[in-house]
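Input: a single structure, listed below in structure tokens.
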Amino acid sequence: MPQPISQTPSAYGYPLLIKQLLHSALATAPEQEIVFGERRHSYVEFYRRVQRLANVLKEMGLQAGNTVAVMDWDSHRYLECFFAVPMMGCVLQTVNVRLSPEQIAYTLNHAQADVLLVNSDFMPVLKQIRGELNTLTRCVVLTDDGTPCPKGPGFAGEYEELLSKAEAAYDFPDFDENARATTFYTTGTTGLPKGVYFSHRQLVLHTLGTTAGLALAPQQGRLHRDDVYMPLTPMFHVHAWGLPYVATMAGVKQVYPGRYVPDTICKLIQREKVSFSHCVPTILQMVLNCEMAREVDLSGWKMIIGGSAMTSSLARAARERGIDVFTGYGMSETCPILTLAQVPTEELGGENEAAIRVKTGRPVPLVAIRTVDGDMNDCPRDGHSTGEVVVRAPWLTQGYLHQPEASEDLWRGGWLHTQDIGHIDAKGYLQVTDRIKDVIKTGGEWVSSLQIEDIIARHPAVAETAVIGIQDGKWGERPLALVVLKKDASASGVTEEDIRQHVMAAANSGQISRYGVPDQVRFVTELARTSVGKLNKRVMREQFPAAS
């Protein structure tokens, strides 16, 4: 058996703790800016504020292992919580503010939150659920407009006021790198939200692996120290995909947008020279369609798209504006980044470039990905043999909080099961073709809803689309296309049969099976979504249970 290395008694073991991510930035970029609204903090001031926040929480009696929950928009405060809370040995719970009040109460109780930092915008929600919260003892109010903190028991004060009175020095301790650092909850498209959790070691390794994946790109999709970073994925959702940790470790300028208002986003891009972001397709579509976007130069803006599949039409629209758009893939349970669809130098400007950008991507360092059949046998890496995507990486959640049976199901066979179906080609590119629960079984064939959606989205009149399987007495299931038309001249006079014939043309050219041509197309004003902007096909199937 291999033996552990011998260790000198005085040697420092260097646990992989979140505090270690700050060393390089403070040493190499101490005066770099972190921007929120009109506030500008240097990294030195950011670290002082992190220490002040830790002292505030310590004065409130918090001890290692206690849970601090946060309900806020994307802000400098949230970034301070990303560091201060876990660095003092507590657990950070990032609360999904788009859940229903009942679900928010459930997650706070399930995570056993001790203290809640709450933006004044969410005080009505807190007032509604306060009587249901079993473990919460105190609240700190966060405000951007001077809203006074409520008086009385249970309220410790206003965030900035408390920080101003706290000492700007805190000795963050060493402890086991496997200690839990964060908890948050999946969006609960089926049943109650599930709690996932990550250790310090996992978050540090995810930061290093993601940084390596982004920095190793020789040209396209590369993040470097001269970039200006702005998240457009909520910080409550998988740590904003972990990119705030990456940006902080790298010491880049960071810009936090608060609420996602398209015109505000465009103004920040223009004013702060934002060059690197990430979001779900819906947010990018909103930005491209807003009035302000016509006046702003978006060229050179690097953008990772995740959460839902990026259609080739959206990628084309982004590329026409000069946006360096490409896909990233992961899920709540994977911390989340597993793959990036960066374009190799030899493919830049070639006929395959656009197709590569919308692939699911190649694994970042330390990620092992397989596609397997029902017996966990590997599918051939030929670019078309599909199976379930299973993964291993050092940053995958080790289970669902307080749910051992669901955790075992997630990890059956020693690999994390994504419930996505896909294939891998000879160059290592993964292409997810559908969710297991969303694949359409019709006439004895499996039809990919994502592939039909991509074809429909190419129609010039289509703004958005979703394809679901609906019950059919003869075929078992048939695809139903839900389509949101554009609000311009291109959609004038377009009929449901026009969309169907558009898909039929793709089938006739061999792009998809004829079984994939929808019998029905429904024009809708909007598509059902989860709280983080993903298409919610469970709700769609409830809305349209059977063919008419």
Side-chain angles (χ1 to χ4, degrees), residues 209 213 305-312 326-344 347 352 354-397 407-455 467-469 476-477 479 506-507 510-516 537:
I305 295 295
S308 298
M310 176 169 59
T311 63
S312 55
F326 61 107
T327 300
Y329 169 68
M331 51 198 294
S332 295
E333 290 84 347
T334 65
C335 197
I337 295 178
L338 298 171
T339 70
L340 295 169
Q342 294 154 315
V343 183
E347 298 285 2
N352 293 326
I356 292 172
R357 289 177 182 270
V358 299
K359 284 181 178 290
T360 307
R362 293 196 282 194
V364 301
L366 303 181
V367 172
I369 285 187
R370 302 163 60 201
T371 51
V372 299
D373 63 21
D375 295 320
M376 290 291 287
N377 299 310
D378 286 306
C379 299
R381 294 193 168 212
D382 54 14
H384 59 81
S385 298
T386 59
E388 186 186 5
V389 180
V390 296
V391 295
R392 282 176 175 169
W395 49 76
L396 311 183
T397 189
S407 301
E408 281 295 333
D409 187 55
L410 177 71
W411 275 102
R412 62 189 182 278
W415 290 75
L416 187 143
H417 289 252
T418 67
Q419 306 245 334
D420 285 326
I421 295 172
H423 52 71
I424 300 172
D425 67 18
K427 293 185 177 180
Y429 282 97
L430 169 69
Q431 181 64 62
V432 170
T433 58
D434 225 328
R435 296 284 288 164
I436 288 177
K437 62 187 177 184
D438 293 336
V439 71
I440 300 167
K441 303 178 183 69
T442 179
E445 290 197 23
W446 282 23
V447 172
S448 167
S449 63
L450 298 183
Q451 191 174 19
I452 305 171
E453 288 165 5
D454 186 60
I455 291 168
V467 173
I468 59 173
E477 285 187 320
Q511 296 179 49
I512 59 169
S513 162
R514 287 177 177 268
Y515 285 102
K537 293 190 175 180

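Below, each value reflects all heavy atoms present in this structure, side chains not excepted, and no hydrogens, waters or symmetry copies.
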Between Trp415 and Val389, is there a donor-acceptor pair closer than 3.5 Å when you use the side chain of the first and the backbone of the second? no

Check: Val390 and Leu416 side chains under 4.5 Å, non-hydrogen atoms: no

Distance, nearest 0.5 Å, that separates CD of Glu453 from OG of Ser308: 9.0 Å

Does Glu408 have more than 12 heavy atoms from other residues, nucleotides or ligands lying within 6.0 Å of its CD? no

Sequence-distant partners of Asp420, side chain to side chain donor-acceptor pair (under 3.5 Å), two or more places apart: Tyr329, Arg435

When you compare the side chain of Ile356 with that of Pro344, does any pair of heavy atoms fall below 4.5 Å? yes

Between Thr360, Thr327, Asp425, which is the residue that forms a side-chain contact (heavy atoms from CB on, under 4.5 Å) with Leu430? Thr360

Taking ring pair (Phe, Tyr, Trp, His ring centres under 6.0 Å) as the test, write out the residues that go with Tyr515, two or more places apart. Trp475

Chi angles and distances behind the side chain to side chain contact (heavy atoms under 4.5 Å, CB included) call for Trp395, Ile337: CA-CA 9 Å; Trp395 49 76; Ile337 295 178; 5.9 Å; no

Determine yes or no for a side-chain-to-main-chain donor-acceptor pair under 3.5 angstrom, with Thr371 supplying the side chain and Thr386 the backbone. no

I would like to know whether Glu347 and Lys427 meet salt bridge (Lys or Arg N to Asp or Glu O under 4.0 Å); could you show each step before the answer? CA-CA 13 Å; Glu347 298 285 2; Lys427 293 185 177 180; 3.8 Å; yes

Between CE of Met310 and CG of Leu450, what distance do you get to the nearest 0.5 Å? 13.0 Å

For the NE2 atom of His423 and the OG1 atom of Thr433, what is their distance to the nearest 0.5 Å? 6.0 Å

Is a donor from one side chain sitting under 3.5 angstrom from an acceptor on the other, for Ser449 and Asp434? yes

Would you compute the distance between atom CG of Asp454 and atom CD of Gln511 and round it to the nearest 0.5 angstrom? 9.0 Å

Tell me every residue that passes side chain to side chain donor-acceptor pair (under 3.5 Å) with His417, counting only those two or more places apart in sequence or in another chain. Glu388, Arg412

Is there side-chain contact between Leu410 and Glu333, with at least one heavy-atom pair below 4.5 Å? yes

